[in-house]
Amino acid sequence: MEKKRLIQALVIIGLVALNVGTFGVLSGNFKDGQNAQLKRAWINEDIQPVAARSANIYSIESLQASMQLDSMELSVACDQVFDETTEFKAEFINTSMPKKYGEHEFIRIQAALKNVGETSWYGAEHPCSAEYKLMQLGNMDKPEEMHLLWNDFNFVDNDWSNSEFKNRVELSEKEVKPGEEGNFSFWIETPITKITTDVDIIKNEETGEEEKDVKMYKWAYEKYTFTPIIAGKWLSEVKIPLTLKVGDLPPKEADKLRFIDEKLDNFNLKDFNGEKNVYIRLSDQTGFLRYGDKAFHSYKVSSGSWDKKTPTGDHKVANKQELRVGGKSPYYRMPYWLGLSINGAPFIGYGLHEVPYLGASRETSQFYKNGLKYDLGKNVSHGCVRSGDKDAPFLFEFGEIGMSVYVRNKDDEKMFATIDPPKAS
């Protein structure tokens with residue numbers, strides 16, 4: 001047995017020496033140039049070698065660790081029992097990453113979690129990893145996100161798009177017992193910047209003439225949120241944020257960010273191009289907040305009844321009031337009002353607003369409570385488009401005079417909402 005292990009170790013050492021010695025000649029043969037870039041940085045000692053589990057071992061530390069077999073580990077009894085009632089709990093501690101980096105670079109991220117449950121976490125290096133449920137890190141919102149990411153130096157065929165477990169990063173430790181800290185280490189590629197030009201019209205104080213103030217910005221902004229997963233079960237209460245920012249955001253992009261960041265855990269800000277708008281799809285009573293044709297938030301609405309239909313078409317926000325009171329009995333109170341100019345015509349009373357109430361307040365209005373509980377998702381209004389108590393304030397903040405509001409019976413080729421409708425509560 002010892003002779004066999006020695007032969008295996010010598011073969012691996014030979015392969016590693018061959019890889020390192022011929023890398024400069026063979027680098028063009030790597031199918032992924034980005035993998036080659038990472039490996040080149042390691043060989044040039046720009047990156048500190050780190051032990052990792054991989055079918056392709058390039059780290060000397062990994063090789064040495066694989067040779068130093070602990071006799072006690074070989075006799076470990078894999079008798080830990082897991083079933084549907086087994087609970088795993090984690091608490092986010094922090095993430096660490098370089099303070100400075102540029103575009104299109106590979107940087108190392110480390111996320112620390114504390115085991116606050118009563119069951120140990122197990123990593124892929126544990127002697128019982130084949131029998132135990134492993135603790136990993138993934139992207140719950142986008143489990144198939146095609147963004148390059150590596151466990152420490154698992155270079156070949158181990159990014160998110162090719163690995164056996166999509167979007168999975170392995171636990172660094174073999175075992176993390178209750179009360180201990182566990183870590184996930186991985187590499188990620190920083191985004192490529194784009195150049196944005198902002199043009200403002202300013203008035204020359206001396207001549208009184210209007211002039212263009214042109215400013216150029218080179219920037220990129222991506223946000224990801226990772227979540228632990230064990231045996232297909234996401235620990236959804238644990239969020240590990242990662243923001244990749246290069247350069248300074250233009251004011252218009254910073255304004256977008258405050259809305260998108262509140263609603264999405266994962267996004268590339270550059271994907272949201274065009275002017276802000278609201279898209280209302282009457283077929284399933286769903287509203288969408290968008291930039292251009294890409295939505296970042298969806299919500300349930302209540303539009304006009306069969307005899308008082310909400311007008312379809314391309315509308316504009318004509319006026320904006322925190323509270324609008326109907327001019328006729330029973331004097332509906334309509335919070336967070338955005339009045340509409342219908343298809344270019346003057347304002348005639350249609351608008352977007354929260355579920356209305358009667359009387360002095362929402363709290364005392366049974367009409368309001370019933371509207372929230374029963375009416376959203378149904379055609380019951382007098383032609384306006386109602387929204388719930390959580391969505392209406394956000395929509396009101398997002399809305400501005402002159403903003404487009406597209407109302408369709410269903411999606412068409414001209415305007416297509418790009419986000420799924422909210423799930424029924």
Side-chain angles (χ1 to χ4, degrees), residues 139-142 145 191 193-194 196-200 215 217 219-226 239 241-281 285-301 314-323 334-340 351-355 376 385-408 411 415-423 425:
N139 189 323
M140 186 171 68
D141 279 359
K142 295 185 176 182
E145 178 71 38
T193 59
K194 67 177 292 186
T196 300
T197 302
D198 276 2
V199 180
D200 293 323
K215 294 181 179 179
Y217 298 88
W219 63 277
Y221 189 100
E222 294 180 358
K223 179 185 175 183
Y224 300 93
T225 299
F226 303 108
K239 302 292 185 182
L242 175 61
T243 298
L244 301 176
K245 177 185 176 183
V246 182
D248 295 322
L249 289 180
K252 291 182 180 178
E253 301 301 327
D255 185 65
K256 286 182 187 179
L257 179 62
R258 67 190 181 100
F259 293 111
I260 298 174
D261 191 50
E262 184 172 333
K263 296 300 180 181
L264 293 183
D265 285 336
N266 303 274
F267 63 88
N268 183 339
L269 195 56
K270 291 187 292 186
D271 292 339
F272 293 87
N273 297 312
E275 299 297 322
K276 62 169 58 176
N277 66 88
V278 176
Y279 182 102
I280 305 295
R281 190 166 61 198
Q285 296 292 286
T286 305
F288 301 88
L289 304 187
R290 314 188 307 174
Y291 282 97
D293 63 357
K294 188 172 181 64
F296 66 91
H297 178 58
S298 64
Y299 61 101
K300 298 310 295 182
V301 303
D314 299 355
H315 314 321
K316 298 283 187 180
V317 175
N319 52 64
K320 184 175 179 178
Q321 296 173 257
E322 287 195 26
L323 177 65
M334 295 167 283
Y336 304 112
W337 170 271
L338 297 174
L340 299 179
L352 312 177
H353 60 83
E354 186 184 355
V355 169
L376 288 176
V385 180
R386 302 172 180 175
S387 54
D389 55 341
K390 293 181 175 59
D391 294 305
F394 187 76
L395 171 57
F396 184 77
E397 183 184 0
F398 180 72
E400 57 187 39
I401 304 299
M403 182 183 72
S404 295
V405 177
Y406 304 103
V407 180
R408 301 286 189 271
D411 288 327
M415 290 294 170
F416 184 82
T418 56
I419 191 172
D420 292 333
K423 297 180 180 178
S425 56

Does F398 offer a backbone N or O that forms a donor-acceptor pair with the side chain of K276 under 3.5 Å?
yes
If you measure from CG on D261 to OH on Y221, what distance do you get to the nearest 0.5 Å?
5.0 Å
Rounded to the nearest 0.5 Å, what's the gap from CG on N139 to CZ on F226? Could you check?
6.0 Å
Hey, are D314 and R408 close enough for a salt bridge, meaning a charged N less than 4.0 Å from a carboxylate O?
yes
Checking K320 now: which residues fulfil side-chain contact (heavy atoms from CB on, under 4.5 Å) with it, not counting sequence neighbours?
L338, F396, I401
Residues at least two apart in sequence or cross-chain that pass side chain to side chain donor-acceptor pair (under 3.5 Å) with Q321, listed by chain then number, are R324
Could you measure the distance from the OH atom of Y224 to the OG1 atom of T243? Nearest 0.5 Å is fine.
10.5 Å
Shortest non-hydrogen separation from E400 to V317 and the atoms involved
O-CB, 3.4 Å
Check for me whether K263 meets the cation-pi criterion with F394, that is, NZ or CZ under 6.0 Å from the six-membered ring centre and within 45 degrees of the ring axis.
yes
Could you tell me the separation between the CG atom of D248 and the NZ atom of K215, rounded to the nearest 0.5 Å?
11.5 Å
Between the side chain of N277 and the main-chain N/O of S404, is any donor-acceptor distance below 3.5 Å?
no
What distance do L244 atom CG and N268 atom CG have between them, rounded to the nearest 0.5 Å?
9.5 Å
For F259 and E397, run side chain to side chain contact (heavy atoms under 4.5 Å, CB included): C-alpha distance rounded to whole Å, both residues' side-chain angles, the deciding distance at 0.1 Å, then the answer.
CA-CA 9 Å; F259 293 111; E397 183 184 0; 3.8 Å; yes
Determine, for R258 against D255, whether the closest basic-nitrogen to carboxylate-oxygen distance falls under 4.0 angstrom.
yes
Value rounded to 0.5 Å, distance of CG in L242 from CG in D265
12.5 Å
For residues Y291 and G274, report the shortest heavy-atom separation together with the two atoms involved.
CD2-O, 3.7 Å
Are the charged groups of D271 and K294 less than 4.0 angstrom apart, N to O?
no
Could you go step by step and tell me if V355 and D389 meet the side chain to side chain contact (heavy atoms under 4.5 Å, CB included) rule?
CA-CA 7 Å; V355 169; D389 55 341; over 6 Å; no
Minimum side-chain heavy-atom gap V301-T286 below 4.5 Å
no
Test item: Y299 and L376 side chains (from C-beta on) under 4.5 Å apart, heavy atoms
no
Sorted by chain and residue number, the ring-ring contact (aromatic ring centres under 6.0 Å, His included) partners of H353 (sequence neighbours excluded) come out as W337
